[in-house]
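Worth knowing before you read on, the calculation uses all heavy atoms, side chains too, and leaves out hydrogens, waters and symmetry mates. Chain naming here is simple, since letters A, B, ... match the order of the sequence lines and numbering starts at 1 in each.
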Number of protein chains: 2
Amino acid sequence: MKEGPDIARVAALIGDPARANMLTALMTGKALTATELAAEAGVTSQTASTHLAKLDGGNLLRVRKQGRHKYFSLATDDVAAVLEGLMGLAAKSGHLRTRTGPRDASLRKARVCYNHLAGDMGIRMFDSFHGRGFLVLEGEALRLTSEGAEFVAGFGIDLDKLTAQKSPLCKECLDWSARRSHLAGSLGRALLSRIETLGWAKRDPDSRAVIFTQRGEAAFARQLAVATV
Amino acid sequence: MKEGPDIARVAALIGDPARANMLTALMTGKALTATELAAEAGVTSQTASTHLAKLDGGNLLRVRKQGRHKYFSLATDDVAAVLEGLMGLAAKSGHLRTRTGPRDASLRKARVCYNHLAGDMGIRMFDSFHGRGFLVLEGEALRLTSEGAEFVAGFGIDLDKLTAQKSPLCKECLDWSARRSHLAGSLGRALLSRIETLGWAKRDPDSRAVIFTQRGEAAFARQLAVATV
DNA sequence: TTCATAGTTCGACCCTAATCGAACCATCTG
DNA sequence: CAGATGGTTCGATTAGGGTCGAACTATGAA
């Protein structure tokens, strides 16, 4: 009774209705912001904040700060597995679902996100870079490989100018609509800027949408599909 | 926030330190009495009683009444699996172990339990009967099959006399030392009585021990090993 | 710069639920 | 039968923690 592996502490974390609702909402695998989770749990943002702090303290969550937002997702698959098991025990099902993302199709496709490219096009770019070994995840950080540097240089970007800045070159950014990663940082901003310069796309002045021209989208896709060798 | 599969309720059940200690103590697979679990949790018997009622109400436990005792075990393997998962999440291990059973070897081997045979010999008998299809579990009840009836009749037991009684013929009884099932009920009592009549064993007048003679143990083992066909 | 929004911290309130003492019931022992 | 033990129920106490209002910080937008 004195020591123990403290299964009680973890279970108690999950045992609060508000926190349980948050965790079940995160079972989709998507990341949600604090306010979204607050709504999901049916509590105010203050209480949600304390709850999320506790869940994070119990290593049940993974937290990523994103500007003035904070994105939460389940820490590991193990957490999801335990939640799944608990759902099984609580035989009576009846899931909650959570509304997500922008309803505007053009925003989903491509938009600016703090001056870099987000939406489906942003994700495609990130996936391509990652899959071709241009970007590697090192712990929490994102590093541009020499192959990657070569590619962006060939794309017309002056890396030296970027690395001279104080702000980080590469940052992983969580996509709003799809909730997957895309490229942020000064490089992300430079890439979007270059795309605009090339005339492949231009920003919609009334919204965050980024409108690709037909020719621009084709050229963009061609760049992403280029084999490394 | 209104409905939900109520993962919170189950988690909250496990989330109380006292209850968590009880559940971890039951992770061995053995059944424990209410007082043992109270000691394990470090609470009084009253509080333990309420805790156990709640755990039972949440379908986390299986309960078997045994005279003035109440034996608790985990309801299903699923429960154990979830607990295992929670332990994994609560990384820091350090298990509790619980003292068990009689220290006297002869008592472990064979003893009377409310006038029927318990201990290793009792378990061997139950396992043999069960494995040969003499006894079948039907829900919570235990039924003697026609093959079983034939066998015990051949062993010299008057079944008609037993079935005429009001008390149940077959009952599953949880073994004190090994915490596994053996045969109780009027049949269990009749079997022990018959064993004594045959001179295979006699009771120790100073304890609960049942002392088998060498010849008796051999004959007993032979009976249990007999193939049905 | 000023405004708006996301999130946090502090403080106070309140309510649930764990706990135990005491009395009670059920079952075994002698 | 009386005595002992295992377990439950009731009631009162208490502590822990969830909750929100209000004030505060940080980041982005205009």
Give the intermediate values and the outcome of side-chain hydrogen bond (donor to acceptor under 3.5 Å, both in side chains) for residues A/S49 and A/Q46. CA-CA 5 Å; A/S49 182; A/Q46 310 96 295; over 6 Å; no
Reading nucleotides 1-20 of chain D from 5' to 3' and marking B where a protein heavy atom lies under 4.0 Å of the base, S where only the sugar-phosphate is that close, and - otherwise, the string is ---BBSSBB--------SBB
May I ask you to decide if the ring planes of A/F220 and A/W200 are parallel, tilted or perpendicular, using 30° and 60° as cut-offs? perpendicular
Among all residues two or more places apart in sequence or in another chain, which pass the side-chain contact (heavy atoms from CB on, under 4.5 Å) test with B/K202? none
Answer yes or no: is there a donor N or O on one side and an acceptor on the other, between the side chain of A/R64 and the main chain of A/Y71, under 3.5 Å? no
I'd like to know if A/K109 and A/E217 make a salt bridge, using a cut-off of under 4.0 Å between side-chain N and carboxylate O. yes
Length of the line joining A/R64:CZ and D/dT27:C1', which is rounded to integer Å: 19 Å
